[in-house]
Amino acid sequence: MPELPEVEVTRLSFCDRIHGARVTGVRLGKPLRWPLGVPPDALVTRTVGEAARRGKYLWLPLEEAGQPAGGLLMHLGMSGSLAFSDAPGEAGTHDHFDLVTTRGTLRLTDPRRFGAVVWSPSRDDGMAAKLLAGLGLEPFDAAFDGAHLHAALRRRRVAIKLALLAGDIVVGAGNIYACEALFAAGIDPRTRSDRISRPRSERLAAAVRDTLGRALALGGSTLRDFRDAHGMEGRFQAQAQVYGRAGEPCRVCGTTIRRVVQGQRATFFCPHCQRR
DNA sequence: ATGGGTACCTGTCTGC
DNA sequence: TGCAGACAGGTACCCA
């Protein structure tokens, strides 16, 4: 489900409210991708710091007596969402993690359980460091530009769509936004990465930034069940040019949008507007 | 190193 | 109505 815009919208929707809260309890539901890695009660009395995002991961730092005391690395997987509320109510079948604090409860709901909540002694250590290692540049980082993208793509032969999804060149674009960014850049998703010219790399880097930025401004995409931590839906999906539109006419040229499969995942593109 | 495929898990939708 | 099969916003891990 959640790509960078959805994760960032989620972070922004609860960050201020939970900042400074003291943990009073932790409830675990069914197992997620990895075990928490610490006895849940060990987190009680710790204070929550400012939530940060790296790629599609969220980092919730904890403090004890004003000193850093580890934190929680969270991932929403394909179907996860976080809700923050004063009275969360009885945990349902898909509610697998509650962080109960003096200011409210942060609850992870995740039907497919591809998501994760993992304790780590710091961002740069333990499980967090392991999972964050190898992530590419943040799309809004000034270092992510056409030159950087072009240099990275020259070393790969995989299709450009798969290179974007891999997340080791640039993070944040998942299946929806990789398709949309390639449409915006006019590039056929099946094009070999090392065949993308420097000028097209410039356009693609700008398209990735622009697509993710617009989605963020619109509160992300709600295809079926994405909500921010206060239950708000995203509005980007109505602007999708290609994603989920197979068989429909391209909004620019009227050509029928095609669907192909790459790396076992659906790719949508306009065969006229997007060229190899 | 790169690339391809598999695995994890549940819900929803389609077609017979 | 039941049931099988395809599909879904992600990514770690294994093998060639």
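Sequence lines set the chain letters: A, B, ... in the order given, protein chains first and strands last, and positions in each chain run from 1.
There is a side-chain donor-acceptor pair under 3.5 Å between Q262(A) and T267(A). S201(A) and H150(A) share a side-chain donor-acceptor pair at under 3.5 Å. Checking T109(A) against D95(A) by side-chain atom types alone, a donor-acceptor pair falls below 3.5 Å.
Among the atoms of the strands shown, only primed sugar atoms or phosphate atoms (P, OP1, OP2) are found under 4.0 Å from some heavy atom of A266(A). Nucleic acid contact for Y57(A): sugar-phosphate only, since backbone atoms but no base atoms lie under 4.0 Å from a heavy atom of the residue. Note on R265(A): a base of the nucleic acid sits closer than 4.0 angstrom, heavy atoms only.
Salt bridge R46(A)/E63(A): absent, no basic N to carboxylate O contact under 4.0 Å. A salt bridge links R17(A) and D86(A); the closest N-O separation between the charged side-chain nitrogens and carboxylate oxygens is under 4.0 Å.
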Pairs under 3.5 angstrom only: tabulate donor-acceptor contacts from the side chains of residues 121-133 of chain A to other protein residues two or more places apart or in another chain.
residue : atom : partner : partner atom : Å
S122(A) : OG   : D124(A) : N            : 3.0
S122(A) : OG   : D125(A) : N            : 3.4

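Projected onto DNA chain B by closest heavy-atom contact, D168(A) and T93(A) fall at different nucleotides, the more 5' of which corresponds to D168(A).
F114(A) does not qualify as a stacking partner of the dT11(C) base, lacking a centre-to-centre distance under 5.5 Å together with planes within 30°.
Residues W59(A) and R54(A) are not in side-chain contact: their nearest non-hydrogen atoms beyond the backbone lie 4.5 Å or more apart. Within the 4.5 Å cutoff, no side-chain heavy atoms of H75(A) are placed close to those of R33(A).
For DNA chain B, if you chain together Watson-Crick or G-U pairs that step i with j, i+1 with j-1 and so on, the runs of at least three with distances under 3.5 Å are B:2-8 with C:10-16, B:10-16 with C:2-8.
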Under 3.5 Å, N/O pairs linking protein and nucleotides 4-7 of chain B:
none

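A donor-acceptor contact under 3.5 angstrom links the side-chain atoms of R112(A) to the base of dA8(C).
Rounded to the nearest Å, the gap between the P atom of dA6(C) and that of dT6(B) is 14 Å.
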